[in-house]
Amino acid sequence: MITMLLKDEDKRDLEKKGYRFAGKQRHAAAKVCHWTRKSLVDEGVCYKERFYGIESHRCLQMSPSIPFCHHKCMFCWRDVSITKTEWVEEYDEPKEIIEDCIESQRNLLCGFFGNPNVNMKKIKEAQDPRNAAISLAGEPMLYPEIGGLLEEFKRRNFTTFLVTNGMTPSKLEALETEPSQLYVSLDAPNENYYKDLCKPQIDNGWKLLNQSLDLLSSFDCRTVLRTTCVKGYNMIKPEGYAELIKRSDPDFVEIKAYMYVGNSRKRLELDNMPLSSEVKEFAESVAKLCGREVVDEAPESRVVLLS
């Protein structure tokens, strides 16, 4: 028996926003990234290409767990009213999800073949994506077969960028196949600000996050802490961030601006989106306190990289 995880109206709403669902259960989806489109017409690339060398035009932005998350973050672009925190329903297998996501991306990009400004080499290569950004929406670690998903991507010669909110340290520790790059979101300098901004739907969220931070040094893959800066909420107490960075010792730290997009506009104001200069100033204050330095930045994306 197939149990649909999303109502028809929620599915239609997400499809209007560019999501294309994979599998039968409506829990996985792909969506073409803004920077993939820009790269295809040679108008810029994602900061991940600048920082880490992945090719924006061959990046598959997807999630195996669209309706699932432990948080209802103020800055999330999703409609968090659909959020579920526990997975008790049926789910689709990794192979089916990946194949459907690739096919959906090809269909979404087919119009570029008629665009006179397209880079023909790139649009042809885009039919065969090589990086999976497992970060579109929801918390991927809640997908019961997240290890199998990483393994299947690896079998297909993909690199994988996995983004987690850090609420499942036991599952992180149990991963047999590591991603190419593991992101853990660190969006507050202490528990009070975390609760105010991330709106955890589970108990002990801050404790679980700290357990995940303590696991970072045990990974062989590249590790990154990612902070989304929301002006008026969490661009404070740089010493708190610095202490957590020193303790977890990731390879890199990304400090980036909240973007005033999607459903977050119902919770926050345009003034909550910091300028690139404000993000850099805050990043420099954090870097100084944890013995790191700014090694790169992408002003167009309002993101700064510490190493």
ask   = If you measure from NZ on Lys17 to CZ on Arg20, what distance do you get to the nearest 0.5 Å?
value = 13.5 Å
ask   = Do the charged groups of Glu103 and Arg106 touch, with an N to O distance under 4.0 Å?
value = yes
message = Between Glu152 and Arg156, does any NZ, NE, NH1 or NH2 come within less than 4.0 Å of an OD or OE carboxylate oxygen?
response = yes
inquiry  = Is there a continuous path of hydrophobic side-chain contacts, each under 4.5 Å between heavy atoms, that joins Leu215 to Met141?
reply    = yes
message = Donor-acceptor check, side chain of Ser276 to backbone of Arg302, threshold 3.5 angstrom: yes or no?
response = no
note = Rounding to 0.5 Å, atoms OG (Ser217) and CG (Asp251) come to a distance of 10.5 Å
ask   = Is Lys122 paired with Asp42 through a side-chain N to carboxylate O contact shorter than 4.0 Å?
value = yes
query = With hydrophobic residues grouped by side-chain heavy-atom distances under 4.5 Å, do Leu142 and Tyr91 end up in a single group?
reply = yes
key: Lys/Arg N to Asp/Glu carboxylate O, Glu125 vs Arg130, below 4.0 Å   = no
ask   = Is the Tyr52 ring parallel, tilted or perpendicular to the Phe161 ring (thresholds 30°, 60°)?
value = perpendicular
remark   = In Leu149, Val184, Ile146, the residue satisfying side chain to side chain contact (heavy atoms under 4.5 Å, CB included) with Leu162 is Ile146
request  = Classify the ring geometry between Trp206 and Tyr194 as parallel (under 30°), tilted (30 to 60°) or perpendicular (over 60°).
outcome  = tilted
message = Taking the basic N atoms (NZ, or NE/NH1/NH2) and the acidic carboxylate oxygens, is any pair closer than 4.0 Å for Lys231 and Asp271?
response = no
ask   = Should Val80 and Tyr260 be counted in the same cluster of Ile, Leu, Val, Met, Phe, Trp and Tyr side chains packed under 4.5 Å apart?
value = no
request  = State whether Arg155 and Glu151 are salt-bridged, where the test is any N-O pair (Lys NZ or Arg NE/NH1/NH2 against Asp/Glu carboxylate O) under 4.0 Å.
outcome  = no
Nearest-0.5 Å distance, CH2 of residue Trp35 to CG of residue Leu40 = 13.0 Å
task = Considering only NZ, NE, NH1 and NH2 on the basic side and carboxylate oxygens on the acidic side, decide whether Glu15 and Lys11 come within less than 4.0 Å.
result = yes
ask   = So do the side chains of Val163 and Ser185 get within less than 4.5 Å of each other, counting heavy atoms only?
value = yes
